[in-house]
Structure formats: structure tokens, C-alpha cells
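First comes the structure, then the notes that go with it.
Naming convention: chains lettered A, B, ... in sequence-line order (proteins, then strands); numbering from 1 in each chain.
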Amino acid sequence: MPEGHTVHRLARTLGGLFGGQALRVSSPQGRFAAGADLLDGATLVAAEAWGKHLFLGFERSGPSLGPGGTATALWLRVHLGLYGAWTFAGDGSADVVHAIGAPRRRIGERDSVPADVPGHRARADDAAGEWVAPEPRGAVRVRLLGPHAVADLTGPAACEVVDDEEKARVEDRLGPDPIRDDGGRSSLADARDDFVARVRRSRVAVGQQLMDQGVVAGVGNIYRAEALFRAGIDPLRPGRDVAADALAGLWDDLVVLMRDGARTGAIVTTRAEHRDGPAVVDDPAGRRRTRQNTDGSPDAVPPEDAFYVYHRDGLPCRVCGAPVLTKELAARNLFWCGACQG
DNA sequence: GCTGCATGATGAG
DNA sequence: TCATCCTGCAGCA
């Protein structure tokens with residue numbers, strides 16, 4: 001999925017695109033018709049993420065945020081699961097991201113493309129000059145339509161309207177989130193202690209625990225493999241046998257990696273000295289140039305150089321040259337270096 | 001056209 | 001541990 005960094009990015013994107021606006025909410029696919037009715041016409045007053053859960057807060061009577069704040073009446077809770085995704089289009093008044101979500105639909109996740117990219121442009125009505133949202137494509141569970149932009153959600157594992165209490169109940173089940181300012185605890189340091197304690201009170205393999213959202217929220221299959229590699233921790237080692245300071249270091253690294261992912265939209269865990277070097281490609285004009293990604297960073301990393309071990313089974317470890325190993329753990333493919341991760 | 005995957009999570013047995 | 005749900009796309013015929 002869409003790991004936690006993607007969901008935080010979504011919260012920021014949706015908040016920026018629709019915050020403070022009354023939205024038309026619908027379910028073109030029909031499967032969320034009842035929920036859409038509850039939210040239609042309400043104003044988006046909050047957009048938050050905790051781990052892989054996205055919460056969009058709606059207020060019926062408009063954003064009446066008094067001094068003490070205002071209780072948000074309703075929340076739309078979305079979990080993308082393995083293949084959920086949001087796609088966006090707009091009238092060009094703001095840069096609109098093309099899509100954020102499942103890998104294959106995420107073509108433009110790092111792109112902040114102008115809204116007039118062919119095929120994603122909102123059609124302008126010539127006569128009135130008024131923006132018209134494009135027709136929904138595919139099985140769109142939810143459509144959020146504002147005056148200048150539209151967001152379509154497809155394939156979510158969860159999509160429901162909840163109240164404050166139900167939202168709190170979901171959050172109570174979640175471990176600390178490395179991307180949240182305070183980690184979801186009273187401070188980031190407390191969040192780290194919580195993480196370390198949770199891992200160490202179980203003999204379940206640390207590589208399995210990292211996928212447990214009650215241990216740490218937001219980590220998925222890529223971050224688990226990559227963070228364990230960077231920490232030099234054997235994924236199969238029982239949690240209680242991993243040194244506390246090693247786990248603390250792992251947490252600190254997750255904070256850096258995942259916040260970076262949320263900022264750029266791409267997961268890159270390799271250090272420059274461990275990459276194969278600048279990749280050279282032919283650009284459309286036929287010139288040879290160094291490949292770059294599109295987040296604006298001049299030293300952006302091509303996807304094939306982004307990971308140490310994820311999907312690199314059989315290839316030589318970037319650090320020691322030993323073949324990268326793979327094994328199914330907790331119904332997901334685990335990747336690691338048997339030599340570096342003792 | 002069809003099949004098999006994919007950065008997930010849950011519930012039953 | 002398995003089956004199941006959510007959907008689109010790459011890789012095949």
C-alpha cells in the first residue's frame with residue numbers, strides 16, 4: 001500500500017485543496033451512497049492521518065471554529081488497503097497532484113503537475129468559462145467535489161463515516177506514528193519509548209512486529225525491510241532479544257525515512273555512496289542526461305536505486321555483495337541481507 | 001481477453 | 001495458516 005507517508009501526504013493534499021470549503025460528496029460507484037448523503041454539502045474542517053488511516057473532518061454548519069475549537073460532527077475514515085488510490089483534477093487555479101495511492105496508479109505521485117496535463121485536465125466550459133469536473137473513471141467509491149478541484153477515491157479497504165468516539169477507538173488500537181509531530185504520544189521521545197517497549201515485550205520476530213499497526217503505525221512492507229537493513233537487525237530475531245538501543249535507533253531512523261517520504265512522495269532509503277551511480281537515460285528529445293525524479297531535488301534517485309533490499313532478492317547486497325534473501329513472513333514478502341543483518 | 005500480482009488487514013478455523 | 005475483500009494494470013495469449 002500506500003504506506004503511512006502516502007496517507008500523511010494525502011491528508012495534506014486534501015486539506016490544502018478543500019479545507020474550509022463546502023463539498024459535494026457522492027458515490028458514483030454507489031457502494032458509499034448512504035455515507036455520501038451524510039456528508040454532502042458539509043464543510044471540510046480537518047484532514048489528519050494516523051498511520052495508514054486517513055480522517056477527514058466535516059462540519060455541517062460551516063467552519064465555526066471558536067476559541068475553544070469546535071467539535072467536528074463527522075469524520076470520513078479511509079483506509080486504502082492494498083490498492084486504494086485517490087486521483088485528482090482541478091481547474092488550474094492550484095497545482096493539482098495527479099494521483100496518490102496504490103503503486104501502479106501512483107504514476108504521478110511525486111509530480112505536482114499543472115492541472116492541464118492532457119487527460120487530467122478539468123474541462124473548461126467555453127461559454128461560461130466555468131470549470132467542469134471530469135467524469136469519474138473506474139469504480140469511484142467517493143467523489144469530493146469543490147469549486148476548483150475534484151478528488152476521486154477508488155478501491156479503499158475501508159471507507160466509512162464515524163463520530164469522534166469511533167475515531168478515538170480506531171486510534172487507540174494504533175501504535176505510535178513516526179510521522180506525527182508527537183508520534184501520537186505526549187512527545188516523540190515517549191513515542192519512541194512506547195515503540196521499544198512494545199517490541200521487546202514479545203518474542204514475535206521483529207520483522208513481523210513492524211507490520212503490526214499496534215506496534216508502530218504507518219510502516220508497511222518497504223519501510224520494514226529497508227529500516228531493518230539500515231539498522232543491521234535480523235528480521236527474524238525475536239523482539240525481546242533485540243537490544244533496546246538498537247530499537248531506539250530503528251525508531252529514529254523511521255522518523256527520518258518516513259517524514260522524508262511524506263515530503264517527497266517517494267521512498268528512498270539508500271545513501272548516495274551505496275547507489276550504482278547516476279543513471280543516464282534518453283530524454284524525449286534524444287539527449288542523454290542524468291535521470292531525475294520530479295520532486296524538485298536535483299540529486300533525485302531513480303527507482304532502481306531507491307532500496308537496499310526491497311524486491312532485490314538474488315541481487316548482490318549494495319553494502320557487502322552477498323545475495324539478498326527473501327522469505328514470506330506474515331503473508332508478506334520479506335527481504336533482507338543475511339550477512340549485514342546479524 | 002485472461003491471469004496474477006501489489007507498499008493491507010481481518011476474520012474464521 | 002488460510003480465505004477473503006478492495007481495484008487496476010502489467011504481462012501474457
Heavy atoms under 4.0 Å, any strand shown: does A139(A) hit a base, just sugar-phosphate, or nothing? sugar-phosphate
A quick test of your reading: do over 12 heavy atoms of other residues, nucleotides or ligands sit less than 6.0 Å from CZ of R198(A)? yes
For nucleotides dG8(C) and dT10(B), find the distance between their P atoms and express it as a whole number of Å. 23 Å
Among the nucleotides dT7(C), dG8(B), dA6(B), whichever has the atom closest to the side chain of N333(A) is dA6(B)
Atom-to-atom span, CZ of R224(A) to P of dG8(B) - whole angstrom: 9 Å
Among the nucleotides dT7(C), dA9(B), dT10(B), whichever has the atom closest to the side chain of Q29(A) is dT7(C)
Counting side-chain heavy atoms from CB outward, which of dA6(B), dA9(B), dT7(C) is closest to L82(A)? dA6(B)
I'd like the P distance from dA9(B) over to dC9(C), given in whole Å. 22 Å
Report the distance from atom CG of L54(A) to atom P of dG8(B), rounded to the nearest whole Å. 16 Å
According to a strict under-4.0 Å criterion, is R173(A) in side-chain N/O contact with OP1 or OP2 of dA9(B)? no
Just compare dA9(B), dT7(C), dA6(B) and give me whichever is closest to any side-chain atom of H311(A). dA6(B)
Nearest whole Å is fine: how far is dC5(C) P from E160(A) CD? 19 Å
Atom CG of D313(A) and atom C1' of dA6(B): how far apart are they, to the nearest Å? 15 Å
Between dG8(C) atom C1' and R137(A) atom CZ, what is the distance in whole Å? 12 Å
So that I can tick it off, tell me whether D260(A) and R263(A) are bridged by a salt bridge, with the cut-off set at under 4.0 angstrom between side-chain N and carboxylate O. yes
With a cut-off of less than 4.0 Å, is there a side-chain N or O of Q213(A) near OP1 or OP2 of dG8(B)? no
Let me know the distance between CZ of R332(A) and C1' of dG8(B), rounded to the nearest Å. 6 Å
Pairing donors with acceptors under 3.5 angstrom, does anything connect the side chains of H8(A) and D177(A)? yes
Of the candidates dT7(C), dA9(B), dA6(B), the side chain of T154(A) sits closest to dT7(C)
Under a plain distance cut-off of 3.5 Å, with no hydrogens placed, do D164(A) and W75(A) share a side-chain donor-acceptor pair? yes
Rounded to whole angstrom units, what separation is found between the NE2 atom of H79(A) and the P atom of dT4(C)? 21 Å
Check this for me: does any side-chain nitrogen of one of E226(A) and R230(A) sit under 4.0 Å from a carboxylate oxygen of the other? no
Whole angstrom value for the distance that separates P of dG8(B) from CZ of R77(A): 16 Å
